[in-house]
Amino acid sequence: MRRKDAELRSRKSGRAQGAHERIRSVVRLIPEGRVVTYGQVAEIAGGVTPRMVGYAMASLRPSSGVPWHRVVNASGEISLPSGAGAEEQRAMLESEGIVFDEKGRIDLEKFRWSGPGASSS
DNA sequence: CTTTTGACGCGTA
DNA sequence: CTACGCGCCAAAA
């Protein structure tokens with residue numbers, strides 16, 4: 001059976017509390033000094049598409065307590081438009097030890113978080 | 001109830 | 001490297 005069936009079922013069963021809520025929980029699991037791509041979050045949360053992740057972040061409140069700054073796009077770059085806190089995000093990441101190259105990209109091979117099940121390093 | 005919108009990802013040219 | 005389009009689905013107005 002395809003995962004979709006299970007996911008679809010949860011969605012139909014009313015199990016879907018709110019895609020955001022689930023996404024928020026996932027993002028909150030991201031350890032310091034690590035980053036995850038939207039697609040990664042979507043994969044971990046399950047049943048959500050990358051769009052949903054981005055949309056959830058956009059809808060997040062500044063004080064939601066979610067380390068949204070650890071979420072970057074598949075290219076390892078910050079997505080936020082200037083003014084939305086992009087510079088702030090980069091500052092926080094660098095503060096956590098994340099390194100950006102001249103193009104403002106992160107080495108996902110080194111800083112990507114493998115998920116809640118995978119141990120650091 | 002309907003319509004708009006949106007922090008993405010990926011294939012293809 | 002750039003540019004374009006499609007898919008994906010929920011929340012907000």
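Proteins come first, then strands; the chains are lettered A, B, ... in the order of their sequence lines, and each starts at number 1.
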For nucleotides 11-13 of chain C, print each protein N/O atom paired with a nucleotide N/O atom at under 3.5 Å, atom names and distance only.
| unit_1 | atom_1 | unit_2 | atom_2 | d |
| --- | --- | --- | --- | --- |
| C:dA11 | O4' | A:Y55 | OH | 3.2 |
| C:dA11 | N3 | A:Y55 | OH | 2.9 |

All N/O pairs under 3.5 Å across the protein-nucleotides 9-13 of chain B interface:
| unit_1 | atom_1 | unit_2 | atom_2 | d |
| --- | --- | --- | --- | --- |
| B:dG9 | OP1 | A:A74 | N | 2.9 |
| B:dG9 | OP2 | A:A74 | N | 2.9 |

Report summary line: For A:P50 and A:A42, the nearest pair of non-hydrogen atoms, with its separation, is N-CB, 3.8 Å
Query - salt bridge (Lys or Arg N to Asp or Glu O under 4.0 Å) pairs, two or more places apart, involving residues 96-110 of chain A - result: A:R70-A:E96, A:D101-A:R105
Query raised in the report: Of all heavy-atom pairs between A:E77 and A:N73, which one has the smallest distance, and what is that distance?
Result: N-OD1, 2.9 Å
Query raised in the report: For A:W113 and A:V26, which heavy atoms make the closest approach, and how far apart are they?
Result: CZ3-O, 4.3 Å
Query raised in the report: Can you name the nearest heavy-atom pair linking A:A45 to A:I23, along with the distance?
Result: CB-CG1, 4.4 Å
Requested in this report: Could you grab the distance from atom CD1 of A:I44 to atom CZ of A:R22, nearest 0.5 Å is fine?
Outcome: 12.5 Å
Report task. Might you point out which heavy atoms bring A:A74 and A:L108 nearest each other, and give the distance in Å? Result -> O-CD1, 3.3 Å
Query raised in the report: Which residues, if any, of residues 87-113 of chain A bring a heavy atom under 4.0 Å of DNA chain B?
Result: none
Requested in this report: Quick one: closest heavy-atom pair of A:F111 and A:I98, and the distance?
Outcome: CD2-CD1, 3.5 Å
What pairs of nitrogen or oxygen atoms, one from the protein and one from nucleotides 3-5 of chain C, lie under 3.5 Å apart?
none

For a quick test of your reading: what N or O donor-acceptor pairs under 3.5 Å do the side chains of residues 80-95 of chain A make, sequence neighbours left out?
| unit_1 | atom_1 | unit_2 | atom_2 | d |
| --- | --- | --- | --- | --- |
| A:Q89 | NE2 | A:H69 | O | 2.6 |
| A:Q89 | NE2 | A:V71 | O | 3.1 |

Query raised in the report: Between A:R24 (side chain) and A:L60 (backbone), is there a donor-acceptor pair under 3.5 Å?
Result: no
